[in-house]
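Read the structure below first, then the notes.
Values reported hereafter were calculated over all heavy atoms of this structure, with side chains retained and with hydrogens, waters and symmetry mates removed. Position 1 is the first residue of the sequence; numbering continues from there.
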Amino acid sequence: MVVLPSLALALLCLLRAGAELPVQLGFDTEKFAGTWHIAALVSNCSMFLKMKDGMKSSIATISFTPDGDLAMELLWPLPDRCQKLELLFQRRGQSGHYMAVEEKKDLHVVETDYGHYAIVQELEQNGQESSTALQLLTRGQDVTPQLLQKFKELIPTVGLAEDMLAILPESDQCTKTMR
């Protein structure tokens with residue numbers, strides 16, 4: 001099935017063309033751990049841009065290792081099932097900045113209130129190609145207009161355009177798959 005490899009490429013194809021946003025000061029891993037819904041995503045990754053209109057809200061479960069590394073389990077709804085991806089990001093300097101070495105992916109927790117939302121930037125360098133992405137994570141699937149506006153205001157600051165934005169429709173397809 002062509003969709004699965006393409007989706008995996010789209011999910012792994014996020015980031016490094018625009019400005020790097022700073023990590024939230026005083027980032028607290030204990031408060032950040034848990035389940036998040038990917039409510040909106042903007043990226044210049046060509047694979048993502050081809051697939052963004054058919055994507056649905058996905059689930060990210062985040063935990064931290066004793067060494068402070070970030071472990072992420074993603075559940076992405078496909079037409080007939082949920083695709084599970086597991087990623088490990090090593091802590092880079094201050095808490096809130098992580099790197100997936102094999103995927104050459106840099107992750108910054110830019111802003112979070114821990115209880116409702118988080119904005120995460122991912123930067124990726126893949127050979128000559130680089131891409132950047134911002135993700136709006138929410139604890140529930142609801143996104144207020146004010147939160148969406150706050151997210152949209154960051155888009156040009158990282159060199160992206162609003163036409164690269166996907167506001168992902170709610171989906172409970174993968175909630176049964178969660179442990």
Side-chain angles (χ1 to χ4, degrees), residues 7-45 47-48 55 57-76 82-141 143 147 150-151 153-155 157-160 164 166 168 174 177-179:
L7 180 61
L9 285 173
L11 296 177
L12 294 175
C13 182
L14 299 173
L15 338 149
R16 194 166 217 117
E20 214 172 281
L21 295 173
V23 172
Q24 178 167 307
L25 292 176
F27 178 72
D28 187 327
T29 57
E30 286 185 32
K31 290 181 182 177
F32 192 72
T35 301
W36 293 93
H37 296 269
I38 302 172
L41 180 61
V42 61
S43 177
N44 60 354
C45 172
M47 186 64 70
F48 166 76
M55 297 175 79
S57 179
S58 305
I59 300 168
T61 303
I62 296 173
S63 60
F64 292 88
T65 68
D67 294 333
D69 297 340
L70 184 149
M72 182 184 298
E73 180 181 281
L74 295 168
L75 292 172
W76 291 90
C82 291
Q83 176 65 38
K84 182 177 174 180
L85 289 169
E86 293 182 0
L87 299 169
L88 180 64
F89 292 87
Q90 296 173 333
R91 184 172 163 182
R92 302 260 313 185
Q94 76 181 83
S95 190
H97 182 196
Y98 303 91
M99 171 73 83
V101 178
E102 290 181 22
E103 291 87 7
K104 294 188 172 115
K105 192 179 296 207
D106 205 11
L107 184 141
H108 299 169
V109 179
V110 176
E111 183 177 329
T112 184
D113 69 354
Y114 303 103
H116 299 95
Y117 80 96
I119 298 172
V120 175
Q121 181 182 29
E122 289 185 32
L123 305 166
E124 185 173 354
Q125 184 68 42
N126 189 357
Q128 294 284 5
E129 290 188 46
S130 61
S131 57
T132 191
L134 285 177
Q135 295 179 7
L136 175 61
L137 309 179
T138 56
R139 289 292 187 181
Q141 292 192 52
V143 179
L147 183 55
K150 176 184 243 183
F151 182 71
E153 289 170 2
L154 284 175
I155 292 172
T157 69
V158 294
L160 300 175
M164 299 171 172
L168 305 176
C174 293
T177 309
M178 294 176 61
R179 292 182 232 162

| query | About how many Å separate CG of L75 and NE2 of H37, when rounded to the nearest 0.5 Å? | reply | 10.5 Å
| message | Which heavy atom of V42 sits nearest to which heavy atom of F151, and what is that distance? | response | CG1-CZ, 4.0 Å
| Taking every non-hydrogen atom, the tightest pair across I38 and S57 | O-OG, 3.2 Å
| query | If you measure from CG on L134 to OG1 on T157, what distance do you get to the nearest 0.5 Å? | reply | 6.5 Å
| task | Measure the CD1-CG distance between I62 and L87 for me, rounded to the nearest 0.5 Å. | result | 10.5 Å
| task | Show your working on side chain to side chain contact (heavy atoms under 4.5 Å, CB included) between L21 and I119 and close with a plain yes or no. | result | CA-CA 10 Å; L21 295 173; I119 298 172; 5.7 Å; no
| request: Identify the two heavy atoms, one from A33 and one from S63, that lie closest to each other, and give their separation to 0.1 Å. | output: CB-CA, 4.4 Å
| query | Is the closest side-chain heavy-atom distance between E20 and D106 below 4.5 Å? | reply | yes
| field | Smallest separation among heavy atoms of S95 and V23, with atom names | value | O-CG1, 3.4 Å
| field | Short side-chain to backbone donor-acceptor contact, R91 and L70, under 3.5 Å | value | no
| task | Find the distance between CG (D69) and CE (M99) and round it off to the nearest 0.5 Å. | result | 12.5 Å
| Spacing of CD belonging to Q94 relative to CD belonging to Q24, to within rounding of 0.5 Å | 10.0 Å
| task | Please report the closest heavy-atom contact between F48 and A166, naming both atoms and the distance. | result | CZ-CB, 3.8 Å
| request: Evaluate the side chain to side chain contact (heavy atoms under 4.5 Å, CB included) criterion for residues T132 and Q121: first the C-alpha distance (whole Å), next the side-chain angles of each, then the deciding distance (0.1 Å), finally the verdict. | output: CA-CA 7 Å; T132 191; Q121 181 182 29; 3.5 Å; yes
| query | Where do V143 and A39 come nearest, in terms of heavy atoms and distance? | reply | CG2-CB, 3.4 Å
| Can you find a pair of side-chain heavy atoms, one from I59 and one from L74, that are under 4.5 Å apart? | no
| message | Assess the residue pair M72 and W36 against the criterion (side chain to side chain contact (heavy atoms under 4.5 Å, CB included)); give the C-alpha distance rounded to whole Å, side-chain angles, the decisive distance to 0.1 Å, and a yes or no. | response | CA-CA 10 Å; M72 182 184 298; W36 293 93; over 6 Å; no
| query | If you draw a 6.0 Å radius around CZ in R92, do more than 12 non-hydrogen atoms from other residues or ligands fall strictly inside? | reply | no
| query | Does any non-hydrogen side-chain atom of L88 lie less than 4.5 Å from one of T65? | reply | yes
| field | Beyond-backbone contact of L123 with H108, side-chain heavy atoms, under 4.5 angstrom | value | yes
| request: Can you label the angle between the Y98 ring and the F27 ring as parallel, tilted or perpendicular, going by 30° and 60°? | output: perpendicular
| said: Is there a side chain to side chain contact (heavy atoms under 4.5 Å, CB included) between F64 and E30? Walk through the geometry before answering. | reply: CA-CA 8 Å; F64 292 88; E30 286 185 32; over 6 Å; no
| note | dist N44:CG -> E124:CD (nearest 0.5 Å) comes out at 10.5 Å
| task | Determine yes or no for a side-chain-to-main-chain donor-acceptor pair under 3.5 angstrom, with R139 supplying the side chain and Y117 the backbone. | result | no
